[in-house]
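Proteins come first, then strands; the chains are lettered A, B, ... in the order of their sequence lines, and each starts at number 1.
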Amino acid sequence: MRKALIFSFLFLLTASLLPAQESMHTVEFQYAGRSVLVPKLGNRVEVIPILALIGAGAEYSLSAGTYVVALGEQRLQFTPGHKLVLANGVLLNTKEAAVPSPGGIAASISFVDQSLLGPLGFRLEPIPQGYRIAPGARFADPVSVRPAAADFAATTTLVLTLDRATAAVAEPAEDGGIVVRFDDSSPRLDPTARLQSRRVRSITSNGREVVIKTSPDIGLLNSHLLDDPPRVIIELGAVIPKPTPAPAQALERSGPPPIVIDPGHGGKDTGAVGGNGLTERDLTMAVAQRLAAELEARGLAVRLTRDDGEGRALTDRTALANRLEAKLFVSLHANASTFSSVRGAETYYMSLDAQATDAAAAATAKLENEAGEASDERSDLDLILWDLAQTSALNESAELAVAVQTRLNALLDLRDRGVKQAPFVVLTGATMPAILVEIGFLSNPAEASRLARPEHQQELARAIATGIEAFLR
Amino acid sequence: MNRRVFWIIAAAGVSLALLVWLLAGPGRRVVNRQEVVEIDALPTPTPAPEQRVMLLFGGSDGMLHPELRSVPMPAEVHERVRMVVLEVLAGPTGDLQPVVPWPAELNVVFVDNKGNAFIDLSAPPEPLTGSHTELLLAYGLVDSILLNCPELTAVQILFGGQEVPTLTGHLDFSRPLVLNKRFIAS
C-alpha cells in the first residue's frame with residue numbers, strides 16, 4: 001500500500017511538471033499578434049526564429065562563417081564567436097558574441113535586443129511569458145554629453161565631455177556637418193551647457209547620435225577619444241579650401257608662420273628600436289633638433305611638436321601645425337622592416353583616397369543644392385575650385401617631398417626608396433604642405449650604426465633643410 | 001498508513017500539480033497563435049571551381065611582389081575575401097616573405113553594400129614597429145583582396161575585434177583603404 005501511494009504521488013508530480021517542461025526550454029516571443037516559442041539554450045535563445053518573426057531573412061555564408069541578416073534596407077552581419085556586428089555599414093563592438101547552436105545561431109537576450117533588433121529598429125519588452133518585440137530601438141544606458149568649443153584662427157576644437165567612458169566615433173554626416181555615434185549608449189546633451197562658436201551652428205542628440213551642424217564649408221578635420229575625464233575631441237576646419245587667402249586680421253599667431261617639425265613617436269612610445277639599442281623616439285628628436293637649428297640659421301621660424309621625452313597624440317601634432325598656420329609640416333621617422341636587408345630613405349605625402357575625394361565632392365554638391373540659391377554654374381565652379389585647391393595642396397606636398405628626397409638621395413650610401421603616397425594619420429587634416437620623412441631603417445644593422453653617428457644625423461638634417469629651403473624659394 | 005494519510009498525500013500532490021500548472025500555464029494559452037518556424041539544415045558546401053589568384057608578398061627589396069596561385073574561388077564575395085585572406089596569411093610558397101609577421105587568424109569577414117570589406121585578424125602578440133611593416137601588411141592584404149574581388153572598392157582591417165587608429169603609429173587603419181599599387185614592385 002505504501003509503495004502504491006509513493007508511486008501515485010511521484011506519478012502525479014511528474015505529470016504536473018510536464019506542461020512546465022516546454023516553457024523551461026522555450027521562451028515566447030510575440031510580434032504583431034503572432035508568437036513563436038523559441039528554444040532556450042542556457043541563458044541564450046535561438047536567434048533565427050526571432051528574426052523570422054519580424055520578417056528578417058538570415059543567410060549564412062558557410063565558408064566565410066558570416067551571417068547576413070536583411071530586413072528591407074537594413075542589413076546586419078555577424079560571425080558566431082566574435083564580438084563584432086556590422087550594422088548598416090557601421091561596426092559595433094558587442095559585449096558578448098552569438099554562438100553556433102542546433103538551430104544555427106544562439107545569443108543572449110541582451111545581444112538579441114541591443115545588437116540585432118536594435119539596429120533593425122526594434123526593441124524587446126518583457127512580458128510574463130517571454131518578450132514582446134516592439135517597433136523602435138531602445139538603446140543602453142544614457143551618457144551625458146557636455147559640449148564646449150574653442151575657436152582658433154583656422155580651426156575650432158570641439159570637446160564633448162562624457163560622464164562615463166564609452167566608445168564614440170565622429171564621422172562626416174552625409175548631409176554636411178558631423179555625426180558622433182555612440183556604441184551601446186544613448187547620448188543626452190547637458191541642457192546647462194552653453195556653447196559659442198563661429199563654426200558650429202547647432203548640436204543636437206537623436207538618442208543614438210550627437211549631430212553637429214557646422215557653418216558652410218566647415219567639416220571634420222580629425223577626432224580622437226581621451227580619458228580622465230572621458231571626452232571626444234573634434235577638430236573642425238575648412239574641408240573645402242577657399243581659393244582666396246585668409247584675411248590678415250584672422251591670424252592670431254605672433255611672428256612669421258613657422259615650419260613645424262614633428263619628431264616621430266615620444267614618451268613611452270619608442271617606435272622602432274635598432275639592434276644597437278637606438279630608438280626611433282630618440283633618433284627623430286636628435287635629427288629634429290639639428291634640423292631646427294639648420295632652418296633657424298637660414299632665417300626660418302621653427303616649432304617642434306614635442307619636447308625631449310614627451311609623447312603627443314598623432315592628431316594633436318597636425319592640429320598644432322594648423323593652429324599655428326604653419327608654412328610646412330615635416331614629420332620625421334626612422335623605419336623598421338622584417339627584412340633586415342631593406343635600407344634607405346623615403347618621403348611620403350598624403351594620399352587622398354578616391355572614395356574620400358568623391359564623398360567630399362558629393363557633400364559639396366549637396367550643400368549647394370540645399371542652399372537652393374546657387375545656380376548649377378556656381379556649383380560646378382565651386383567644385384572645380386575645390387578640386388583645384390585639393391590638387392594644389394597635394395601638388396605642393398608632392399613638390400616638397402621630391403625636394404627633400406632629392407637631397408637625401410645625394411647623401412653618400414643612402415639608397416633612394418623614392419617618394420610615395422599613403423594615408424598616414426599624422427598627415428591627415430594638415431592644411432599646409434605636409435610630408436613624412438623616413439630617414440633610414442633601424443632594422444638594417446649597417447644603417448642603424450650610421451644613424452647613431454651624430455655627424456650622419458647632422459648630414460640628414462642639412463639635407464632635409466636644403467630641400468625645404470629649395471621648396472620655399 | 002490509513003486512508004486519511006492517503007488522501008492528505010493525494011491532495012498535496014494534486015495541489016502541487018495545480019500550482020505548477022498555474023505558474024507555467026499562461027504561456028500555454030497562446031498555443032493556438034503559435035507558429036513553428038522551420039529551421040533549415042545547414043547547407044552542405046559544394047566545391048568551388050579553381051581559379052588563378054594574384055597574392056602579394058614581401059620581397060627583399062622591401063616591395064610587394066605577386067605570386068600566382070590556383071585556389072578554389074567561390075562565387076559569393078564573403079567567401080572569396082576569406083579565401084584570399086587565408087591564402088595571404090598562409091604565406092608565400094617561393095622566396096618571398098609573409099606580409100603579416102605573426103601567425104594571425106582570420107576572425108571575421110563582413111562586406112557592406114557600398115563595396116567595403118571588413119576583415120578582423122587576431123591581434124599581434126607583440127607591438128610592431130616601422131611604417132614599412134605597416135604598409136606591407138596593409139597593402140599586401142588590401143591589394144590582394146581588391147585585385148581578386150573587383151566588385152569591392154576598399155578594405156578595412158581590424159585587429160582583435162577592434163578598429164585601431166594605427167598599428168605602428170603611421171598608417172591610418174580607422175577607415176577602409178583603397179587599392180594602392182605604389183608598393184607593388186614594377
Side-chain angles (χ1 to χ4, degrees), chain A residues 1-2 5 8-9 12-13 15-17 19-20 23 28 34-37 48-49 52 60-64 66 75 77 79 82-84 86 89 91 93 103-104 128-130 265 269 271-273 314 333 335-339 341-342 351 353-355 417 420-425 428 438 443, chain B residues 1 6 9-10 13-14 16-17 20-21 23-28 30 33-35 37 39 42-43 45 58 60-62 74 76 78-79 81-82 97 101 107-110 112-114 116 118 120 129-133 135 153-154 158 161-163 165-166 169-172 177-178 180 182-183:
Chain A
M1 181 64 184
R2 185 186 294 262
L5 280 173
S8 303
F9 174 72
L12 282 169
L13 187 62
S16 69
L17 286 174
S23 93
E28 184 177 324
R34 299 185 305 143
S35 69
V36 62
L37 284 180
I48 307 279
Y60 183 58
S61 172
L62 188 63
S63 67
T66 305
R75 195 173 156 96
Q77 293 173 58
T79 298
H82 296 285
K83 297 176 183 178
L84 270 176
L86 185 71
L91 282 166
N93 280 102
Q129 59 270 46
H265 305 272
D269 175 15
V273 183
L314 289 172
H333 287 257
N335 222 330
S337 171
T338 49
F339 304 88
S341 59
V342 180
S351 157
D353 288 351
Q355 280 191 319
R417 295 189 54 81
K420 298 191 183 85
Q421 275 183 283
F424 283 120
V425 179
T428 304
E438 293 280 4
S443 49
Chain B
M1 180 178 293
F6 169 81
I9 292 173
V14 170
L16 185 62
V20 171
W21 183 82
L23 286 175
R28 308 281 296 162
V30 294
R33 290 190 286 121
Q34 286 169 9
E35 294 176 357
V37 176
I39 300 166
L42 289 177
S60 58
D61 57 355
E76 206 273 325
H78 286 85
E79 297 174 4
V81 172
R82 187 172 188 87
Q97 295 291 316
N107 296 326
V108 164
V109 175
F110 296 147
D112 72 11
N113 54 9
K114 294 176 185 167
N116 295 312
F118 300 82
D120 175 36
T129 59
S131 64
H132 184 261
T133 305
L135 286 163
T153 52
L158 296 90
Q162 300 291 324
E163 286 182 273
T166 179
H170 309 90
L171 194 64
D172 186 354
L177 295 167
V178 297
N180 187 346
R182 297 175 186 93
F183 300 95

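What you find for B/Asn107 and A/His82 is that their closest heavy atoms are CB-CE1, 3.2 Å. B/Asp120 approaches B/Gln162 most closely through the heavy-atom pair OD1-N, 4.4 Å. Considering all non-hydrogen atoms of both residues, A/Ser443 and A/Ser337 come closest at OG-N, 2.8 Å. B/Gly161 and A/Leu84 make their closest contact through O-CD2, 3.5 Å (heavy atoms, listed as atom of the first residue, atom of the second, distance).
Proximity to chain B (any heavy atom under 4.5 Å) is restricted, for A/Phe339, to the side chain, taken from C-beta onward. Interface remark: B/Glu76 contributes side-chain atoms only to the contact with chain A (heavy atom separation under 4.5 Å). Heavy atoms closer than 4.5 Å to chain A are found in the side chain of B/Asn180, but not in its backbone. Only the side chain of A/Leu314 comes within contact range of chain B, with heavy atoms under 4.5 Å apart. For B/Phe110, the parts lying under 4.5 angstrom from a heavy atom of chain A are both the backbone and the side chain.
Of the listed residues B/Asn113, B/Val81, B/Leu158, the one with more heavy-atom pairs under 4.5 angstrom with chain A than any other is B/Leu158. Considering only heavy-atom pairs separated by less than 4.5 Å from chain A, the leading option among B/Gln97, B/Glu163, B/His78, B/His132 is B/His132.
Using modelled atom types and a 3.5 Å distance limit, the side chains of A/Gln77 and A/Thr66 yield no donor-acceptor pair.
You'll find the side chain of A/Glu438 reaches within 4.5 Å of the side chain of B/Ser131, heavy atoms only.
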